[in-house]
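Input: a single structure, listed below in structure tokens.
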Amino acid sequence: MTERFAPGDRVRVLTTVDGGNPRTPYYLRGQVGVVAELHGVIVNPLDHHFPYPPLYSVAFRVEELAGPPGPDLVIADLHDEWLEPAR
Amino acid sequence: MSEEHAHPHIKDFEGHVDAVASDLEYFRRKRIEARVLHYLRRGVITWTDLFRAHEALDWPEPSPPQPDLELRVRALEDSLDALILAGAVAGTALSTHTVAIDDTRRERGDYHPEFRLASRTYEGDLESRIGLLETAVAETGHLVAALTRALLDRGEVTQEALDENRQRLSGLGYHNGARIVARAWVDSEFKRRLIETGREAVRELDIPPGRLGKLGVAENTDDTHNIVVCTLCSCYPHDLLGNPPWWYRTDEYKTRIVEDPRSTIRDMFGLEIGAERKVVVHDSTSDVRWMVLPRRPEGTEGMTENQLAELVTAESLVGSEELKARRP
């Protein structure tokens with residue numbers, strides 16, 4: 001599986017994904033962030049039965065998540081199937 | 001996948017199952033149930049405490065057995081190991097209550113055969129023996145969980161004491177993290193490899209790197225302060241660094257840190273992050289387990305790697321503390 005996104009790309013987190021990794025935080029669903037890091041497909045048999053699509057660290061501005069204004073970020077690790085391109 | 005290479009294939013299933021049965025009986029009778037009875041006799045807890053605790057706990061549905069017998073035996077062995085550890089964690093947390101097991105009593109002469117807890121046997125063909133043992137391990141696990149809960153509810157132990165106990169007993173702990181951090185401070189090439197390759201680099205320090213996904217290392221700098229959370233559960237590089245601090249699993253922390261990181265760090269940990277630095281919260285979702293590489297404190301120029309390691313705390317590896325130079 002190849003990565004659809006590159007560092008710097010703006011992505012939106014989908015609200016639901018059938019069969020997607022359930023460990024996708026609810027407070028980020030529907031939010032827009034910027035891809036910060038590519039991790040590739042991570043083989044993690046102790047947590048999952050099969051590997052999920054490629055993983056990205058995506059950075060969200062706290063102020064855009066309805067937090068206080070400022071430079072602070074939340075970076076979350078999200079799988080490819082949960083992301084779509086955003087403007 | 002790596003698991004398969006870690007163990008040779010099991011050839012003698014009966015031998016493995018016999019060993020599980022005898023270990024389970026030993027720990028159940030001489031450690032776990034002996035302790036429960038001791039606490040009941042001494043009035044540390046009551047039967048009602050145990051029943052209440054058992055009711056309050058959330059019991060997961062048992063997963064259907066593995067069709068592959070070898071995997072099933074392995075899973076049984078792993079769950080027995082987890083049971084023995086959990087029993088030891090709860091059972092040794094109360095240092096004021098030393099429980100004398102049968103063998104000690106026999107040695108010191110106050111043993112009476114009537115005290116003996118009956119042995120159970122697990123008979124039948126291989127598959128039914130495995131089934132009986134799976135049930136027995138799970139049921140004894142319920143007892144240990146209820147005991148632990150009851151001791152907590154009674155205020156006999158704190159979650160912190162249990163966590164510390166678990167780290168000590170499982171031979172893990174933030175000490176691994178302290179060594180990693182100290183090496184990264186003194187060796188910039190190691191630091192680069194650590195940030196790029198994570199677990200691979202940790203092997204250089206003879207630390208078992210663990211197998212839980214990828215290790216992410218977030219480096220604190222003059223521009224950035226990092227802090228780690230797992231808002232969905234409690235993902236952490238447990239297999240490498242032991243348990244995170246007790247508050248890591250609290251809903252208060254998980255909720256507040258992503259809503260307003262800077263104020264939460266100040267209110268919960270008394271740590272003021274300067275306006276010139278950005279706060280970055282890493283929300284782990286199991287495949288990357290994050291640790292923070294804290295800043296090296298000022299005034300530590302002359303210190304050795306081992307002295308530096310002693311400055312590192314469990315809190316600093318999560319990002320809730322900034323390190324200071326203490327006198328070596």
Side-chain angles (χ1 to χ4, degrees), chain A residues 1 3 7 11 13-14 17 20-31 33-83, chain B residues 1-6 63 66 71 78 195-196 198-199 210-218 223-235 237-239 254-266 273-290:
Chain A
M1 273 175 277
E3 277 112 347
V11 289
V13 185
L14 300 172
V17 175
N21 181 6
R23 293 201 230 192
T24 296
Y26 289 91
Y27 70 95
L28 294 175
R29 298 186 186 187
Q31 301 288 347
V34 175
V35 173
E37 197 180 339
L38 274 53
H39 299 288
V41 173
I42 293 185
V43 178
N44 186 4
L46 296 183
D47 279 329
H48 317 302
H49 291 301
F50 52 87
Y52 284 102
L55 185 74
Y56 306 88
S57 286
V58 182
F60 300 86
R61 297 185 68 97
V62 169
E63 60 188 11
E64 288 179 17
L65 300 175
D72 300 345
L73 302 174
V74 169
I75 297 186
D77 304 320
L78 305 169
H79 291 276
D80 194 275
E81 78 276 16
W82 277 94
L83 304 176
Chain B
M1 303 295 126
S2 58
E3 242 183 327
E4 246 114 86
H5 301 291
S63 40
Q66 292 270 9
L71 291 177
D78 289 349
I195 291 171
E196 282 173 11
R199 292 186 192 278
R211 298 194 301 271
L212 280 171
K214 177 177 170 176
L215 177 70
V217 180
D223 303 324
T224 304
H225 179 86
N226 295 284
I227 188 160
V228 181
V229 66
C230 171
T231 56
L232 289 165
C233 36
S234 54
C235 291
H238 299 274
D239 53 340
K254 294 190 208 180
T255 310
R256 289 181 60 187
I257 192 68
V258 291
E259 285 173 0
D260 185 350
R262 204 170 278 263
S263 309
T264 307
I265 293 173
R266 186 186 56 228
I273 307 295
E276 74 289 358
R277 295 175 79 209
K278 178 173 65 182
V279 175
V280 177
V281 181
H282 294 268
D283 189 354
S284 193
T285 54
S286 86
D287 278 346
V288 181
R289 306 293 178 122
W290 289 95

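What you see is a predicted model, and the numbers here were worked out from it, not measured in a lab.
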CG (A:D77) and CG (B:D283) are apart, to the nearest 0.5 Å, by 8.0 Å
Using the ring pair (Phe, Tyr, Trp, His ring centres under 6.0 Å) criterion, which residues pair with B:H225? Sequence neighbours excluded. none
Residue pair B:R262 / A:D72: nearest heavy atoms and the distance that separates them: NH2-OD1, 2.8 Å
For a 4.5 angstrom cut-off between non-hydrogen side-chain atoms, does A:Y52 reach B:S286? no
Start with the C-alpha gap between B:D287 and A:H79, add the side-chain angles, then the distance that decides, and say whether side-chain contact (heavy atoms from CB on, under 4.5 Å) holds. CA-CA 10 Å; B:D287 278 346; A:H79 291 276; 2.9 Å; yes
Flag the one option from B:S263, B:C230, B:P261 with the top tally of heavy-atom pairs under 4.5 Å to chain A. B:P261
Spell out the residues in residues 59-69 of chain A that have some non-hydrogen atom less than 4.5 Å away from a non-hydrogen atom of chain B, in order of number; otherwise answer 'none'. A:V62, A:G67, A:P68
Pick one of side chain, backbone, both or neither for A:T24, based on which atoms fall under 4.5 Å of a heavy atom in chain B. backbone
Counting heavy-atom pairs closer than 4.5 Å to chain A, which one of B:I273, B:V258, B:T224 comes out on top? B:V258
OG1 on B:T231 to OH on A:Y27, rounded to 0.5 Å: 4.5 Å
